[in-house]
Amino acid sequence: MNLNIALLPGDGIGPEVLNQAVKCLQAVEETFNHTFVYKEAPVGAIAIDKTGNPLPDKTLQLCKDADAVLFGSIGDPKYDNDPKAKVRPEQGLLKLRKELGLYTNVRPVKVFPTLIGKSPLKEEIISGTDFTIYRELTGGIYFGEKKLNEEGTIASDLCEYSEKEISRIAHLAFKAAKNRRNKLTLVDKANVLESSRLWRKVVTKIGESYPEVELDFLFVDNAAMQVILNPNQFDVVLTENLFGDIISDEASVIGGSIGLLASASIGDENALFEPIHGSYPQAKGKDIANPVASILSAAMLLEHFQLFEEAMAIREAVDKALQKGIVTPDLDEKSNFGTNHVGDFIADNIVDNDDDLNINDENIGLGKSTII
Ligand SMILES: NC(=O)C1=CN([C@@H]2O[C@H](COP(=O)(O)OP(=O)(O)OC[C@H]3O[C@@H](n4cnc5c(N)ncnc54)[C@H](O)[C@@H]3O)[C@@H](O)[C@H]2O)C=CC1
Ligand SMILES: CC(C)CC(=O)C(=O)O
Ligand SMILES: [Mg+2]
């Protein structure tokens, strides 16, 4: 297959972890005889520094023209710590998601058996955890009108959702649940928020078209507790933008490190793949960041194009690295292995093993179930 992939390394550890994902895609090209063309463009703080714009027009056009985008991370303390900054790195990512119409963010949460001891949670709680968060990505409070009064003493961010915005992701989440364990949990705050009450109404109505899927509801405060008390109760979690952002970082504790969690952001025309973590500025250039989330995001990219064997080859190489203890210090503080070494090991261990493909059971990513 020929694919044009836009690479947006961004800031902090973004370039380092993205490099490892590209190494793995190159190994896939060689092993499975594909041709991927990579074109890189700036986004985030580095783009502001170069052009004054966190999402330059050329970067956006490159993404629109590509088959898929592989994203590192954005964010820099020099902007985060300046309350007067006129432009911010995050605006680049938010605009990119909006412009590409990436309304569904899929964040799989699955425990690697070899890493069970790395989680602060007890083995009996997290053993077998396997759920997927469907986070709405282009609406809600991140995109509502922002206001600050002249004195700088009153601020507001509007959380607005339309029926259409809710129903398009809800259908995808129900379809995913149908192909998994037939359970969908809507996480909201419908006891307080009008927008959450609309979510419940729309999702309940859509649920009538998926009678095989058991639909239940959790208030987000309770959900935050349930995710770490009893993660195995979840199959597909559907939620709005802000709640999904927070719940997924929390869920990363289950697997042992946020450096393991990948994501796919999907729209009707475009797709972008990125780790769920941010730019971890403290680790920039130190060769300590875990590249696995970025590498597994590349595996999700391959699954999006139905390249299941190729994605599985990446996942198996990741498994091998974890089993052999070839991990970064977030997973083993005594480890001397760095980002590059882990990336090289995984890329070097990508092999064509087509006979053990089991896309329903073993994937931690999109798998057959959520290809859209
Ligand atoms: N998608 C994106 O590009 C995102 C960007 N950000 C931005 O990133 C910057 C830093 O934000 P933080 O709140 O510190 O979140 P962060 O996700 O960058 O880091 C939080 C903590 O998670 C751990 N961590 C993150 N990535 C890791 C990796 N690959 N390997 C090992 N450990 C890892 C580290 O302990 C780190 O201190 C900010 O500017 C923020 O706006 C935050 C979240 C998402
Ligand atoms: C940096 C924000 C725009 C988003 C975020 O934290 C995320 O998508 O995980
Ligand atoms: Mg986040």
Side-chain angles (χ1 to χ4, degrees), residues 3 5-10 12-32 34 36 38 40 68-73 106-112 114-115 118 252 255-265 271-280 283 287-305 307-332 335 337-353 362-367:
L3 286 178
I5 300 175
L7 299 178
L8 271 55
I13 60 167
E16 300 162 49
V17 295
L18 190 87
N19 271 345
Q20 313 314 313
V22 173
K23 278 179 197 168
C24 293
L25 287 175
Q26 287 169 334
V28 163
E29 282 181 79
E30 213 169 288
T31 309
F32 293 88
H34 297 300
F36 304 154
Y38 309 91
E40 191 177 314
V69 182
L70 198 56
F71 193 93
S73 56
V106 183
R107 296 186 160 189
V109 181
K110 190 164 173 172
V111 171
F112 289 94
T114 23
L115 294 183
K118 307 292 178 196
S252 76
S257 171
I258 195 169
L260 297 169
L261 255 62
S263 86
S265 302
L272 177 150
F273 302 84
E274 61 167 327
I276 80 154
H277 61 70
S279 62
Y280 188 9
D287 196 37
I288 56 168
N290 193 335
V292 168
S294 186
I295 290 170
L296 291 176
S297 299
M300 291 179 90
L301 182 157
L302 296 171
E303 284 166 347
H304 182 71
F305 294 100
L307 299 175
F308 298 118
E309 285 175 26
E310 293 80 343
M312 186 56 79
I314 292 187
R315 294 183 189 292
E316 285 176 346
V318 167
D319 268 338
K320 194 166 176 185
L322 299 177
Q323 271 164 27
K324 288 190 171 292
I326 315 284
V327 296
T328 42
D330 52 312
L331 289 172
D332 176 1
S335 169
F337 299 120
T339 312
N340 274 285
H341 183 86
V342 172
D344 285 340
F345 180 89
I346 294 170
D348 289 347
N349 280 279
I350 288 173
V351 289
D352 185 356
N353 251 341
E362 295 304 325
N363 274 1
I364 76 150
L366 284 174

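Here the closest heavy-atom approach between residue S263 and residue S297 is recorded as N-OG, 3.6 Å. Closest non-hydrogen pair, V342 versus I326, comes out as CG2-O, 3.6 Å. Looking at every heavy atom in both residues, F308 comes nearest to E303 through CE2-O, 3.9 Å. Of all heavy-atom pairs between A27 and A347, the closest is CB-O, 3.4 Å. Pairing each heavy atom of E40 with each of P9, the nearest pair is OE2-CG, 3.5 Å. Minimum interatomic distance between A311 and A299 (heavy atoms only, all atoms of both residues): CB-O, 3.4 Å.
Judged as a side chain to side chain donor-acceptor pair (under 3.5 Å), and not counting sequence neighbours, N19 has no contacts. Contacts of F345 classified as ring pair (Phe, Tyr, Trp, His ring centres under 6.0 Å), with partners at least two apart in sequence or in another chain: none.
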Show your working on side-chain contact (heavy atoms from CB on, under 4.5 Å) between D352 and E309 and close with a plain yes or no.
CA-CA 8 Å; D352 185 356; E309 285 175 26; 4.0 Å; yes
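Side chains of V22 and I5 form no contact here, defined as non-hydrogen atoms less than 4.5 Å apart. A 4.5 Å side-chain heavy-atom check between L307 and L301 finds every atom pair outside the cut-off. In this structure, T328 and I288 have side chains that are not in contact, with every pair of non-hydrogen atoms separated by 4.5 Å or more. Annotation: side chain of V318 is in contact with side chain of F112 (closest heavy-atom distance under 4.5 Å). Between L25 and L3, the closest side-chain pair of non-hydrogen atoms is not below 4.5 Å.
Put simply, the residue from L115, V111, I295, D330 that forms a side chain to side chain contact (heavy atoms under 4.5 Å, CB included) with L260 is L115.
The distance from atom OG1 of T31 to atom CD of Q26, rounded to the nearest 0.5 Å, is 11.5 Å. Taken from CG in D332 to NZ in K118, the straight-line distance is 4.5 Å, to the nearest 0.5 Å. I350 CD1 to K320 NZ: the interatomic distance, rounded to the nearest 0.5 Å, is 11.5 Å. The CG atom of D319 sits 12.5 Å away from the CD1 atom of I314 when rounded to the nearest 0.5 Å. Atoms NE2 and OG, from H304 and S265 in turn, are 11.0 Å apart once rounded to the nearest 0.5 Å. Residue I13 holds its CD1 atom at 11.0 Å from CG of L18, rounded to the nearest 0.5 Å.
Judged by distance alone, with hydrogens and angles left aside, the side-chain atoms of E310 form no donor-acceptor pair with the main-chain N or O of V28 at under 3.5 Å. Although no hydrogens or angles enter the test, the distance criterion places a donor-acceptor pair under 3.5 Å between the side chain of T339 and the main chain of A289. Counting only distance, with no hydrogens or angles, the side chain of D287 and the backbone of N340 share a donor-acceptor pair below 3.5 Å. In terms of modelled atom types and a separation under 3.5 Å, the side chain of S335 and the main chain of V327 share a donor-acceptor contact. In terms of modelled atom types and a separation under 3.5 Å, the side chain of S252 and the main chain of S257 share no donor-acceptor contact.
For Q20 and K23, the side-chain atoms include at least one donor-acceptor pair closer than 3.5 Å.
For E30, the CD atom sits in a loose shell: 12 or fewer heavy atoms of surrounding residues, nucleotides or ligands are nearer than 6.0 Å.
Ring pair Y38/F36 is perpendicular by interplanar angle, where above 60° counts as perpendicular and below 30° as parallel.
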